[in-house]
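In what follows, a structure is listed as structure tokens, so that the remarks can point back to it.
The first residue in the sequence is number 1, and the count goes up from there.
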Amino acid sequence: MLAIVERDTKRWGSAEPAPPSPDELLTRVANGDQAAFSDLYDELSGRVLGLVTRLLRDRAQSEEVTQEVFLEVWQQAARFDRSRGTAASWVLTMAHRRAVDRVRASQASHDRDTRIGIRDFESGFDQVTESVEIRIEHERVSRALAKLTEFQRQAVQLAYYGGFSHSEMAEQLGVPIGTVKTRLRDGMIRLRDEMGVTS
């Protein structure tokens with residue numbers, strides 16, 4: 001048996017080395033390695049595009065933001081700190097931030113156009129009242145979140161403030177995906193009850 005293994009090893013050569021991890025690739029990108037950047041792009045661009053598309057719901061804008069994210073990865077790779085998380089998490093966090101910024105910019109532009117369009121017909125808009133209402137609603141949500149268990153609060157915040165998928169949350173929290181779904185479902189039910197929302 002040993003002779004067969006030795007013969008096959010000689011015939012086919014030693015086993016192929018494992019491909020570098022995204023962490024290793026990002027470290028090489030920080031040193032200006034363009035091939036590593038290409039490999040990192042191939043490894044993570046699908047996940048980045050998926051996350052961005054979930055938030056923007058516009059394929060063209062999502063592709064544009066994905067390109068911006070990888071430009072930022074190339075420029076900021078030296079800032080990656082392995083002790084604070086994985087390369088994938090770092091890149092996806094960057095992607096989420098950029099997508100949210102794009103949503104906010106788009107919403108701000110839409111809101112600005114709406115205000116300009118109706119300002120001649122609007123009488124006495126009370127900005128102070130609106131600010132107070134927003135602050136009160138924010139406080140209601142914060143109080144309701146505080147009444148969740150820590151695990152439920154984590155799941156709700158990752159899903160709704162972080163934009164993570166169930167599998168990404170499971171990976172980040174180090175728990176099975178079923179556990180993530182249960183925590184999120186229970187958290188949303190309790191949050192709805194605490195805020196007095198009827199379905």
Side-chain angles (χ1 to χ4, degrees), residues 9 12-110 138 141-142 145 148 150-181 183-184 187:
T9 301
W12 301 108
S14 60
E16 287 288 319
S21 70
D23 289 4
E24 294 166 330
L25 291 171
L26 190 53
T27 301
R28 286 167 39 194
V29 170
N31 295 321
D33 187 331
Q34 292 181 3
F37 179 75
S38 178
D39 291 343
L40 183 68
Y41 181 88
D42 290 344
E43 180 76 23
L44 296 179
S45 61
R47 290 174 65 186
V48 169
L49 181 61
L51 170 65
V52 172
T53 302
R54 275 200 315 273
L55 293 168
L56 297 182
R57 304 199 185 286
D58 179 285
R59 183 70 180 197
Q61 278 197 49
S62 299
E63 290 172 354
E64 190 177 304
V65 169
T66 298
Q67 294 305 314
E68 291 171 4
V69 167
F70 280 96
L71 176 61
E72 187 175 357
V73 168
W74 175 255
Q75 294 171 338
Q76 304 295 328
R79 292 185 174 190
F80 170 62
D81 180 359
R82 275 190 182 191
S83 67
R84 297 180 67 191
T86 66
S89 295
W90 187 72
V91 173
L92 289 170
T93 299
M94 191 181 296
H96 181 266
R97 188 186 70 239
R98 277 199 171 262
V100 168
D101 287 348
R102 180 66 65 99
V103 168
R104 286 179 179 152
S106 178
Q107 185 62 47
S109 174
H110 178 281
H138 178 73
V141 171
S142 295
L145 277 170
L148 303 182
E150 183 177 345
F151 294 129
Q152 291 169 345
R153 187 169 43 256
Q154 268 183 331
V156 170
Q157 288 174 331
L158 284 173
Y160 292 95
Y161 294 116
F164 290 94
S165 68
H166 290 141
S167 56
E168 290 165 346
M169 290 164 59
E171 181 181 333
Q172 185 158 340
L173 296 172
V175 297
I177 197 165
T179 303
V180 165
K181 289 179 179 180
R183 289 177 183 177
L184 184 57

### Message
Within the structure provided, determine whether Gln154 and Met169 are in side-chain contact (heavy-atom separation under 4.5 Å).
### Response
no
### Message
Quick check: do Val175 and Arg183 have side-chain heavy atoms less than 4.5 Å from each other?
### Response
yes
### Considering all heavy atoms, the nearest Leu26-Ala77 contact
CD1-CB, 3.8 Å
## Note on the structure
Closest heavy-atom pair, Leu51 versus Ala95, reported as atoms and distance to 0.1 Å, is CD2-CB, 4.2 Å
### Task
Would you mind reporting whether Phe70 and Met94 have side-chain heavy atoms less than 4.5 Å apart?
no
### Task
Taking the side chain as every heavy atom from C-beta outward, state whether Lys181 and Leu184 have any pair of such atoms under 4.5 Å apart.
no
### Distance, nearest 0.5 Å, that separates CG of Leu44 from OG1 of Thr66
11.5 Å
### Query
Can you tell me how far the CD atom of Gln172 sits from the OG atom of Ser165, to the nearest 0.5 Å?
10.5 Å
### Message
Just to verify, what does Arg97 make a salt bridge (Lys or Arg N to Asp or Glu O under 4.0 Å) with, not counting sequence neighbours?
### Response
Glu72
### Query
About how many Å separate CZ of Arg98 and CG of Leu55, when rounded to the nearest 0.5 Å?
14.0 Å
### Summary
When every non-hydrogen atom of Val91 is compared with those of Val48, the smallest separation belongs to CG1-CG2, 3.6 Å
### Task
Take Leu158 and Glu168 through the side-chain contact (heavy atoms from CB on, under 4.5 Å) test and state the conclusion after the steps.
CA-CA 9 Å; Leu158 284 173; Glu168 290 165 346; over 6 Å; no
### Query
What pair of heavy atoms forms the shortest contact from Ala36 to Arg28, and how long is it?
CB-CB, 3.7 Å
### Query
To the nearest 0.5 Å, what is the distance between NE2 (His166) and OG1 (Thr179)?
12.0 Å
### Task
Over all heavy atoms of both residues, which pair between Arg47 and Ala88 is shortest? Give the atoms and the distance, please.
NH1-CB, 3.8 Å
### Task
For the residue pair Pro22 and Leu40, establish whether any side-chain heavy-atom pair is separated by less than 4.5 Å.
yes
### Message
Using 30° and 60° as the class boundaries, would you call the ring planes of Phe164 and His96 parallel, tilted or perpendicular?
### Response
parallel
### Query
Is there a donor-acceptor contact under 3.5 Å from the side chain of Asn31 to the main chain of Asp33?
no
### Message
Between Arg104 and Gln107, do the side chains contain a donor N or O and an acceptor N or O under 3.5 Å apart?
### Response
no
### Message
For Leu25 versus Pro20, what's the shortest heavy-atom pair and its separation?
### Response
CD2-CG, 3.7 Å
### Task
Output yes when a side-chain donor or acceptor of Ser62 lies under 3.5 Å from a complementary backbone atom of Asp58, and no otherwise.
yes
### Message
Test your reading of the model: is there a side-chain donor-acceptor pair from Thr53 to the backbone of Leu49, 3.5 Å cut-off?
### Response
yes
### Task
State, yes or no, whether a side-chain contact exists between Gln34 and Trp74 at a heavy-atom distance under 4.5 Å.
yes
### Query
Has Glu150 got more than 12 heavy atoms of other residues, nucleotides or ligands less than 6.0 Å from its CD?
no
### Query
Would you call Glu63-Arg59 a salt bridge at under 4.0 Å N-O?
yes
### Task
Flag the pair Gln61 / Val52 as yes when at least one side-chain heavy-atom distance between them is below 4.5 Å, and no otherwise.
no
### Task
Report yes or no: do Ser21 and Asp23 form a side-chain donor-acceptor pair below 3.5 Å?
no
### Message
I'd like to know if the side chain of Arg102 reaches the main chain of Val65, judged simply by a donor and an acceptor atom lying under 3.5 Å from each other, with no hydrogens or angles considered.
### Response
no
